[in-house]
Amino acid sequence: MVDRRDFLRLSALSSAAALAGCATAAADKEGPSLPARKLNAPVVISTWDFGKAANASAWGVLVGSGSALDAVEAGARVPEADPGNQSVGYGGRPDRDGRVTLDACIMDAKGRCGSVAALEQVMHAVSVARAVMEKTPHVMLVGDGALQFALANGFEKQELLTEQSRMEWEEWLKTAHYAPVRNIENSTPGNAKDHDTIGILALDATGDLAGACTTSGMAYKLHGRVGDSPIIGAGLFVDNEVGAATSTGVGEEVVRIAGSHTVVELMRQGFAPEEACKAALERAVRRDPAYAKSIQVGFLALRRDGAIGAYAMQEGFTYAVKSGSREELVAAKHIF
Ligand code: GLY
């Protein structure tokens, strides 16, 4: 449902497009015209504080005239390899059975995409997702199928459960009655709302966009649970005509609103990146206000001209920005 404010905004946009005859060079086939590409390129943005290290790696690719696709893969691999990051890759918190299962996806400027879900024992899930995209006719492989594919394509098998994550899981087992708890990561002392999935979006010097998303998912989840991160349109979406978006937080709610696709479509309608992220979250709030208030979800968006924006349900969501003129961590605005 479109609220009155959105309705007025959309009416105004439609009228403006009609007056302009929808004939500007930058206009898409559908929706109003968007700003021209490449006003601010290259640029890379990533979710959370640890996005800064990911951006540094991606930036090295971008300034070497590398593609946005290579950049986001290089960036996503950084937290995947960091045992200190307990929400992504190696060192990630396990499911309730003590198994680390990874979800990841990647998408490029041509709309090509690949994804893996519930992948075990392979650190670089994002690179396996890229291999799915490039070496198979499919989009998504899951579980043992994803593992067998990875091993057949040269990826190494290794234990992803670190001593730290194993100890915390054993502590959790003592009182948890084996029941997954929403937002359990945020109740860990010293980790208040400061970590989750990495989503990374880049615009390269040629004006192409790409994105990647990778996570170990919700801590102590049911074995087999898959979140938003490997689902194209939920955890990540890239449309080179418009922009790209990615998400972090409670994946189930992001899936319910096809979150990242929603953000991109709102940008297509003329919403600025930050407004688009906020409007997508408001859909979740309208669906169930009390529930929305109890969870963290954040969206991050990069428009095709390099404009960026983010919004979160709760305080605490940060994102890292790197461009030729800017390198900073930004605290996203929030609804509650
Ligand atoms: N956003 C990560 C997850 O819910 O798995």
Side-chain angles (χ1 to χ4, degrees), residues 46-51 54 72 76 79-80 85-97 99-107 115-120 125-126 129 140 142-143 146 160 165 169 180-188 191 193-201 211-237 244-263 277 280-281 284 291-292 294-301 310-314 316-319 332 334:
S46 300
T47 54
W48 303 108
D49 293 15
F50 54 70
V72 295
E80 282 184 338
N85 185 322
Q86 291 180 283
S87 60
V88 181
Y90 175 52
R93 291 194 177 85
D95 64 19
R96 69 177 191 172
D97 297 339
R99 296 162 75 159
V100 179
T101 66
L102 306 182
D103 295 341
C105 72
I106 194 161
M107 190 165 188
S115 131
V116 289
L119 172 67
E120 296 182 58
V126 71
M140 188 176 210
V142 304
L160 300 180
S165 288
W169 166 66
V181 176
R182 189 190 302 149
N183 283 343
I184 185 74
E185 299 93 331
N186 294 344
S187 65
T188 308
N191 287 296
K193 296 185 179 174
D194 65 355
H195 62 279
D196 195 279
T197 314
I198 183 158
I200 177 167
L201 309 172
C213 190
T214 179
T215 187
S216 50
M218 193 178 283
Y220 318 139
K221 60 195 174 187
L222 292 176
H223 182 64
R225 179 264 186 187
V226 172
D228 57 322
S229 301
I231 298 178
I232 300 297
L236 176 73
F237 196 69
T246 188
S247 61
T248 183
V250 176
E252 283 76 359
E253 196 58 18
V254 177
V255 171
R256 287 185 187 104
I257 60 163
S260 293
H261 182 263
T262 295
V263 172
C277 294
L281 290 167
Y291 176 66
S294 75
I295 60 167
Q296 177 63 301
V297 173
F299 288 114
L300 183 60
Y311 227 90
M313 206 67 100
Q314 319 284 343
F317 172 42
T318 58
Y319 60 99
H334 47 96

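Order of listing sets the numbers, starting from 1, for every ligand and every atom in it. Heavy atoms only: backbone and side chains are in, while hydrogens, waters and symmetry mates are out. By convention here, the first residue in the shown sequence is residue 1.
- Between Leu236 and Leu201 the shortest side-chain heavy-atom distance falls below 4.5 Å.
- Protein heavy atom nearest atom 3 (C) of ligand 1, with residue, atom name and distance: Asp228 OD1, 3.3 Å.
- The Met218 neighbourhood of ligand 1 comprises atoms 5 (O), with distances under 4.0 Å to a heavy atom of that residue.
- In terms of N/O distances under 3.5 Å, ligand 1 is not approached by Val250.
- Polar contact check, Thr197 against ligand 1: a nitrogen or oxygen pair lies under 3.5 Å apart.
- Using a 4.0 Å heavy-atom cutoff, Arg225 is listed among the residues neighbouring ligand 1.
- Side-chain contact of Asp49 with Thr318: a donor-acceptor pair under 3.5 Å is present, judged by distance alone.
- Checked by atom type, the side-chain pair Ser87/Asn85 shows a donor-acceptor distance below 3.5 Å.
- Partner of Ile106 under the side chain to side chain contact (heavy atoms under 4.5 Å, CB included) criterion, chosen from Thr214, Val126, Ile232: Val126.
- The distance from ligand 1 to the heavy atoms of Gly249 drops below 4.0 Å at these ligand atoms: 1 (N), 2 (C), 3 (C), 4 (O).
- Close approach of ligand 1 to Ser229 (heavy-atom distance below 4.0 Å) involves ligand atoms 1 (N), 2 (C).
- Val250 places a side-chain heavy atom less than 4.5 Å from the side chain of Met218.
- In this structure, Arg256 CZ and Thr262 OG1 are separated by 14.0 Å, a value rounded to the nearest 0.5 Å.
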